[in-house]
Amino acid sequence: MTLMTVSPLPVRLEAVIFDWAGTLVDFGSFAPTKVFVDAFAQFGMDVSLAQARGPMGMGKWDHIRALCNDIAIAGQYQAQFGRLPTDDDVTAIYERFLPMQLEKVAQYSAAIPGAAELLRALRQRGLKIGSCSGYPDSVMRRVVERAAAEGLEPDCIVASDDVPRARPAPAMALKNVVELGLSDVAACIKVDDTAPGIEEGRRAGMWTVGLLLSGNAAGLTLDEYLSLDDAGRQEARARASAELSPAAPHYLIDTVADLPAVIADIESRLSAGRRP
């Protein structure tokens with residue numbers, strides 16, 4: 001018997017699922033990083049911004065666990081307390097971190113230039129807008145409140161504690177698929193500024209877009225970004241690309257303002273029967 005091969009039917013793009021900090025809001029993703037530094041300082045540990053950025057994209061408890069697994073940070077903890085940090089110690093740091101994050105997050109959650117205009121353009125094309133974050137729900141409520149005032153109102157918002165396992169597991173992205181009533185994961189684009197967020201989209205079977213200059217990988221303030229000359233931008237892109245490329249994003253762009261060209265290319269690929 002001869003087996004027939006069947007070409008997949010073309011899929012039409014249905015939705016774009018965005019990360020929050022470093023993607024839609026908080027240029028440079030400073031709200032979580034600075035608070036991580038401050039929270040660890042309260043336990044007598046000196047954590048740099050670069051160290052704090054390392055596990056970015058994970059749920060915040062997992063992020064703290066990853067920092068505590070860092071040899072240098074774990075060594076500081078052992079010097080302070082006579083033992084390596086346990087999960088109970090991670091929880092103690094998290095419980096100190098969370099109210100600090102609640103206090104500071106709105107301060108750093110200004111919309112990234114071009115984000116509100118992009119969301120309006122996506123809706124005009126008939127696309128649904130999903131979102132997910134490494135923030136827990138209590139923090140996301142603060143972020144969403146400010147974002148709405150700036151024209152950022154996704155159709156779906158999934159926080160890290162809304163699912164059993166957050167990034168890099170695919171649960172948050174897939175919860176968006178369910179909540180938005182989408183027909184195919186290949187009809188979705190996941191946009192993120194971190195490697196775990198890109199991996200989340202890949203594991204969910206979606207197209208993935210990594211952001212080079214607006215988020216955690218570059219770690220630039222908006223003013224720093226705007227002041228870069230061509231050589232400076234190329235250097236920042238190269239540094240961020242080295243961090244994001246191991247997660248194998250389908251596309252790399254500077255900020256969400258550059259997404260329309262990517263959407264056009266993905267729609268062309270989908271119409272030709274290609275999948276992520």
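Numbering starts at 1 and runs along the sequence shown.
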In one Ile/Leu/Val/Met/Phe/Trp/Tyr side-chain cluster, 4.5 Å: Met172, Met58: no
Taken in chain and number order and not counting sequence neighbours, the residues that satisfy ring pair (Phe, Tyr, Trp, His ring centres under 6.0 Å) with Tyr77 are Phe81
In terms of hydrophobic clustering (I, L, V, M, F, W, Y; side-chain heavy atoms under 4.5 Å; direct or indirect links), are Leu67 and Met100 co-clustered? yes
Tell me, which pairs form a ring-ring contact (aromatic ring centres under 6.0 Å, His included) where one or both residues lie in residues 157-185, sequence neighbours left out? none
Which residue pairs pass the side-chain hydrogen bond (donor to acceptor under 3.5 Å, both in side chains) test when at least one of the two sits in residues 232-248, sequence neighbours left out? Tyr225-Arg233, Gln234-Arg237, Arg237-Asp254, Ser241-Ser245
Any pair counted as ring-ring contact (aromatic ring centres under 6.0 Å, His included), so long as it reaches residues 246-276, sequence neighbours left out: Trp207-His250
Are Asp89 and Cys68 side-chain neighbours, meaning at least one heavy-atom pair lies under 4.5 Å? no
Taking every heavy atom of Met206 against every heavy atom of Val185, the minimum-distance pair comes out as CG-O, 3.5 Å
Which heavy atom of Ala72 sits nearest to which heavy atom of Asp70, and what is that distance? N-OD1, 3.0 Å
Run the salt bridge (charged side-chain N to carboxylate O under 4.0 Å, His left out) test on Lys34 and Asp38 for me, step by step, so that the C-alpha distance in whole Å, both residues' side-chain angles and the decisive distance to 0.1 Å come before the verdict. CA-CA 6 Å; Lys34 288 188 175 180; Asp38 293 343; over 6 Å; no
Please list, chain by chain and in numerical order, all residues satisfying side chain to side chain contact (heavy atoms under 4.5 Å, CB included) with Arg123, sequence neighbours excluded. Ile129, Asp155
Tell me which pairs pass ring-ring contact (aromatic ring centres under 6.0 Å, His included) where either residue lies in residues 123-155, with sequence neighbours left out. none
Is the shortest side-chain heavy-atom distance between Lys175 and Cys156 below 4.5 Å? no
With sequence neighbours left out, what residues match Arg120 under side-chain hydrogen bond (donor to acceptor under 3.5 Å, both in side chains)? none
Check whether any side-chain heavy atom of Leu228 lies under 4.5 Å from a side-chain heavy atom of Leu220, and answer yes or no. yes
Side-chain contact test, heavy atoms from C-beta onward, threshold under 4.5 Å: evaluate it for Ile198 versus Lys190 and give yes or no. no
Minimum-distance pair of heavy atoms, taken over all atoms of Ala21 and Asp193: O-OD1, 3.1 Å
Applying salt bridge (Lys or Arg N to Asp or Glu O under 4.0 Å), which residue pairs with at least one partner in residues 201-224 are found, sequence neighbours left out? Glu199-Arg203
What distance separates Ser271 OG from Leu13 CG, expressed to the nearest 0.5 Å? 11.0 Å
Could you state the interatomic distance from CG (Asn216) to OG1 (Thr194), rounded to the nearest 0.5 Å? 7.0 Å
Measuring from Lys128:NZ to Leu122:CG, what's the distance to the nearest 0.5 Å? 14.0 Å
By ring pair (Phe, Tyr, Trp, His ring centres under 6.0 Å) - contacts of Phe43 (at least two apart): none
For the residue pair Ile112 and Thr23, establish whether any side-chain heavy-atom pair is separated by less than 4.5 Å. no
Are the side chains of Leu259 and Ile263 in contact, using a 4.5 Å heavy-atom criterion? yes
Please say yes or no: joined through hydrophobic side-chain contacts below 4.5 Å, possibly via intermediate residues, are Ile253 and Leu119 part of one cluster? yes
Could you name each residue pair satisfying side-chain hydrogen bond (donor to acceptor under 3.5 Å, both in side chains) that touches residues 94-109, not counting sequence neighbours? Gln42-Arg96
Flag side-chain contact, heavy atom, 4.5 Å: Thr208 against Asp192: no
Which pairs, with at least one residue in residues 254-276 and sequence neighbours excluded, count as a ring-ring contact (aromatic ring centres under 6.0 Å, His included)? none
What side-chain hydrogen bond (donor to acceptor under 3.5 Å, both in side chains) pairs are there with at least one residue in residues 56-68, not counting sequence neighbours? Trp61-Thr91, Arg65-Asn69, Arg65-Asp87
Please tell me if the side chains of Asp19 and Glu200 come closer than 4.5 Å, counting only heavy atoms from C-beta onward. no
